Amino acid sequence: MSSVLNTGQAFAATSTNTARTVQLLSEGWRFTKGDASGAEQPGFDDSQWRRITVPHDYSIEGPVAQDNPSGPAGGFFPGGVGWYRQTLHIDTLKPGRRHFIVFDGVMANSDVWINGQHLGKRPNGYVSFVHELSSYLKPGDNIIAVRCDNANEPALRWYLGAGIYRQVRLVSTGDTHIEPWGTFVTTPRVTDDQATVHVRSSIVSPSGGKLALQVRLLDSKGALLTTVNTSAVQAKAGQTLHLETDIELSKPQRWDIDSPVLYTAAVSLLRDGKVVDNEDVVFGIRSFEFDAAKGFFLNGRALKIYGVGLHSDGGAVGAAVPLAIWKRRLTELRKLDVNAIRTAHNAVAPEFLDLCDRMGFMVMDEFFDQWTLAKVPHDYSQYFKDWAERDTADLVKRDRNHASIVIYSIGNEIRDTTQPQIAFEWARRLIRVHHEVDPSRPVTQALFRPNVTKDYDNGYADLLDVVGQNYREKEILAAHAQKPSRKILGTENTHEVNQWTAVRDHPEYAGQFLWTGVDYLGEAGRWPTIGTGSGLLLTTGLQRPRAFERLSWWSSAPMVKIARRVANVGQNVVEPVFGPGAAPADQPAQAAATARPRFSQPLVADWSPANREPHTETLEIYTNADEVELSLNGKPVATEKRHADATPIVIKLPFASGSLKAIAKRDGQAVATDELQTAGPAASLHLFADAMVSQHLDDVAHVTVTLLDDKGVRIPDNNTVVEFLIEGEGKLIAVDNGNLQDHDPYHSNRRKLYDGNAMAILRATASSGKITVRARVPAMPGVPESVVIIPVKPAAALVPMRSF
């Protein structure tokens, strides 16, 4: 392929070593929703199709409707068939080159063609896959066509999105090359003084020759530490072989949650002494283990896993999530002392794992929500027998170099365990694939109700390296007592105190993953709700009041937070209770629609009730200090000790307008405070932009608008519409407010406030300049518009672009 590839890409990129070139294929696509007979053929007329950029999710465009076939499982969003076409212009084809197209995910049931030739299909929309183009390319125009089919719904128990919703890349290598995801880096021996770095590459050699690897080891700043060459091996034509070497590194810097140091193995493949392919693999040097008696250890120290499960949608942007949105969410979760992520219940985008590597989050990498038995009518179970082992092998190959991953999960609440003969067979097969492709990590499964399916008695649980269970903490602790050699982990847990104290009080219990870290679309229960509000964060990334209860349990830094229980259940209730008495995520959508959501009284972080007449309010106060002193308008009204059972301090207090203040004390000294004030009439809007922004597809800025009174107190308004106006070098991507009962389109410049807040998500349209964002409330002419200016910065990737 020539160095000139006219695809109209805004961010074309190549690796530093020209043996392998990489082109991000994001611009220049045409799209139509609905089937289009003959659209795979080069001569098809697509001139009337929309011009779009990928990643792209056509489901999030809506409209949301109660009669959409996705139903509550899919959040009442539309699906359907979609087509994409792209023209690649190639001046000349160089001999001895191989050319591949890489998709990080197409939702779903994708078929791909080049110049009318069918390259292949992939049912699973979360799987990354590669098609070789070499035999079908020609000088001039080459037409790529992609068909995706989400017409049969519900196809998942949550929002799945639709389309080419993750990155697409073109990769060119030498004829002899490293296989896609073919280099595996491990650190089999790690001490303070020395680490062994093992590098192994799988090589495809169509024409033979003397082959060797050159590995340059780079530190976190890109400085060269050492170079190692393997001995040359004579390869036969058509042979696939493995080349490997060990590198000894003195005084290694370990990857850890507080210091996520990363190294790079820059691997070059030499054929007859010349570089014909290359691959840069980022990795971390660390040790970890699950211990049956003492829980989890990272780099030799005991560490509880304080994890959360995350679905893959980004709220207003649907499934096509710019990485900056995940960075914002992970940053807010880290403030709550979250240290681990469960990829529930599917493969995530590879750059999400890159981000976890760089931010110091441990990961439970999970792939399947169903095996052979369905949970909703059109889910992956119909493809599982034919595709599961191939999908698993590809995903483990893709993910195995990530420092963040400490465990794999082969499934969530798999119904096949009700049929032990089937379950045993598939568990063994999937575990075998994991261990063959990556022997360095343990495998678990998120069991549900194993006491019913007898998983602890029939030997099934003991197929797993680590026994994982959802909810019912007493059962998994009993299973450990029954067989103390079992390593145990809470793979899905409620926010309730009993699930926390089980982890806190039992060293053998390695940790837990809350359901969930962030609210998500789908699995919605009953109309008009379109999502699930079980997160520590709203879809906007703003923290829920209840998140601070978790912080009071997990953090050692002193903290205190006041929350108010709202007695009147209504539109703004978005705090479902998941647990043994509710209806967790093991149920099919049909049953869940009638059983969920069960709501507790919601929490709000304000002292501005709608009723300003005399009445009693219920307060919850979260703290990790010894005691809390509460005052109202400067007058002490209560002093309470922190509860040993970890339950919050609950105070009934007659309402009076003014200031409510909590002072947390340790050894009699104030160490933290929190204050709520009663809001008056609306007086102003406050705009806050979280970052500079660039044109890069993964880069966005979040602009939060808040309605304030004349003293700067937030007004918990849930109905007022805010309008965003964008000027300068930027464009509006979406708007959101976190309200999972708001059906207004996300692709708009207007949004109702929710708890006094709304958000605009923007991207730059130039490489320099500025973006002016204005916000106004048309229904409140007395409230002046607010303005914030966002500088535009040069485009730079949040994480380095990969090849395969």
Side-chain angles (χ1 to χ4, degrees), residues 60 62 314-318 322 324-325 328-329 331-332 519 537-543 571-572 574 604-606 608 677 679-695 699-766 769-793:
I60 198 65
V317 296
I325 289 178
R328 170 186 169 85
R329 291 175 166 194
T331 298
E332 294 304 309
D519 290 357
L537 309 179
L538 300 173
T539 57
T540 54
L542 298 177
Q543 296 166 332
Q571 172 183 337
N572 304 317
V574 286
V604 294
D606 67 59
S608 303
Q677 295 185 35
S684 67
L685 290 172
H686 175 68
L687 277 182
F688 173 75
D690 66 348
M692 298 172 66
V693 69
S694 76
Q695 285 180 278
D699 197 11
V700 295
H702 301 79
V703 179
T704 303
V705 60
T706 306
L707 186 64
L708 305 176
D709 70 4
D710 60 357
K711 296 180 181 178
V713 177
R714 175 178 53 85
I715 301 170
D717 186 300
N718 295 300
N719 297 297
T720 298
V721 174
V722 175
E723 186 174 69
F724 296 97
L725 303 174
I726 313 300
E727 301 170 359
E729 310 301 331
K731 62 181 178 180
L732 187 62
I733 302 300
V735 291
D736 198 0
N737 57 14
N739 186 350
L740 294 173
Q741 293 186 342
D742 189 339
H743 301 159
D744 290 340
Y746 290 119
H747 292 176
S748 171
N749 73 329
R750 297 164 64 88
R751 198 72 176 172
K752 295 185 186 76
L753 294 171
Y754 183 57
D755 200 28
N757 299 306
M759 177 177 289
I761 303 172
L762 301 99
R763 180 180 289 127
T765 56
K770 63 182 181 180
I771 306 171
T772 300
V773 182
R774 302 180 186 274
R776 63 189 184 190
V777 284
M780 295 180 177
V783 175
E785 74 173 18
S786 184
V787 180
V788 66
I789 296 176
I790 306 172
V792 174
K793 62 182 179 181

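One-based numbering along the sequence shown. Since the structure is predicted, the reported quantities are computational estimates derived from the model, not experimental observations. Only heavy atoms go into these numbers, but all of them, side chains included; no hydrogens, no water, no symmetry mates.
Within the 3.5 Å criterion, the main-chain N or O of Ala758 finds no donor-acceptor partner in the side chain of Asn737. Without hydrogens or angle criteria, Arg328 side chain to Thr540 main chain gives a donor-acceptor distance under 3.5 Å. Under the 3.5 Å distance criterion, the side-chain polar atoms of Asp699 are matched with a main-chain donor or acceptor of Ser694. Judged by distance alone, the side chain of Asn718 and the main-chain N or O of Asp755 form a donor-acceptor pair under 3.5 Å. Side-chain N or O atoms of Thr765 include one that pairs as donor or acceptor with a backbone N or O of Gly730 at under 3.5 Å. Of the possible polar contacts, one joining the Ser608 side chain to the Ala679 backbone as a donor-acceptor pair under 3.5 Å is found.
Environment of NZ in Lys793: crowded, with over 12 heavy atoms of neighbouring residues, nucleotides or ligands closer than 6.0 Å.
Legend: residues meeting side-chain contact (heavy atoms from CB on, under 4.5 Å) with Ala701, ordered by chain and number and at least two apart, are Asp690, Val693, Ile790. Under the salt bridge (charged side-chain N to carboxylate O under 4.0 Å, His left out) criterion, Glu332 pairs with Lys335, not counting sequence neighbours. For Thr772, the side-chain contact (heavy atoms from CB on, under 4.5 Å) test picks out Glu727, Arg774, Val787, Ile789, with sequence neighbours left out. Residues satisfying the salt bridge (charged side-chain N to carboxylate O under 4.0 Å, His left out) test with Asp744, not counting sequence neighbours, are Lys752.
Within the 4.5 Å cutoff, no side-chain heavy atoms of Leu708 are placed close to those of Leu685. For the pair Ile761 and Leu732, the minimum side-chain heavy-atom distance is 4.5 Å or more. Looking only at side-chain heavy atoms (C-beta outward), Arg751 and Asp742 come within less than 4.5 Å of each other. In this structure the side chain of Val735 never reaches within 4.5 angstrom of the side chain of Asn749, judged on heavy atoms. Side-chain atoms of Pro322 and Arg763, non-hydrogen and from C-beta on, do get closer than 4.5 Å to each other. Side-chain contact between Val773 and Leu762 is present, with heavy atoms from C-beta onward closer than 4.5 Å. Annotation: side chain of Val721 is not in contact with side chain of Val777 (no heavy-atom distance under 4.5 Å). Proximity of Leu542 to Leu537: side-chain heavy atoms (C-beta onward) are nowhere separated by under 4.5 Å.
Separation of atoms OH (Tyr754) and CG (Leu740) is listed at 7.0 Å; rounding is to 0.5 Å. Note that CG of Leu707 and CD1 of Ile715 are 4.0 Å apart. Values are rounded to the nearest 0.5 Å. Interatomic distance, CG of Leu538 versus CG of Asp519, reported as 5.5 Å (0.5 Å rounding). Atoms CG and CG, on Asn739 and Asn757 in that order, are 12.0 Å from each other to the nearest 0.5 Å. Here the straight-line distance linking atom NE2 of His686 with atom CZ of Arg714 works out to 12.5 Å at 0.5 Å rounding.
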Determine, step by step, whether Ile325 and His702 satisfy the side chain to side chain contact (heavy atoms under 4.5 Å, CB included) criterion, reporting the C-alpha distance in whole Å, the side-chain angles of both residues, the deciding distance to 0.1 Å, and the verdict.
CA-CA 8 Å; Ile325 289 178; His702 301 79; 3.5 Å; yes

Criterion side chain to side chain contact (heavy atoms under 4.5 Å, CB included) on Thr720 and Met780, from CA distance to verdict:
CA-CA 9 Å; Thr720 298; Met780 295 180 177; 3.4 Å; yes

Run the side-chain hydrogen bond (donor to acceptor under 3.5 Å, both in side chains) test on Asp736 and Thr539 for me, step by step, so that the C-alpha distance in whole Å, both residues' side-chain angles and the decisive distance to 0.1 Å come before the verdict.
CA-CA 8 Å; Asp736 198 0; Thr539 57; 2.9 Å; yes

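Shown here for Ala689 and Val703, the closest heavy-atom pair between the two residues is CB-CG2, 4.1 Å. Nearest heavy atoms, Arg329 versus Gly315: NH2-N, 3.6 Å. Here the closest heavy-atom approach between residue Ala734 and residue Val317 is recorded as CB-CG1, 4.4 Å. For the pair Asp709 and Gly680, the tightest heavy-atom approach, listed with the atom from each and the gap, is OD2-N, 2.9 Å. Scanning both residues, Ala683 and Asp710, for their nearest heavy atoms gives CB-N, 3.4 Å.
Applying the ring pair (Phe, Tyr, Trp, His ring centres under 6.0 Å) definition to pairs two or more places apart or across chains, those involving residues 727-746 are Trp527-His743. Every pair tested for ring pair (Phe, Tyr, Trp, His ring centres under 6.0 Å) that includes a residue from residues 718-742 fails, sequence neighbours excluded, so the list is empty.
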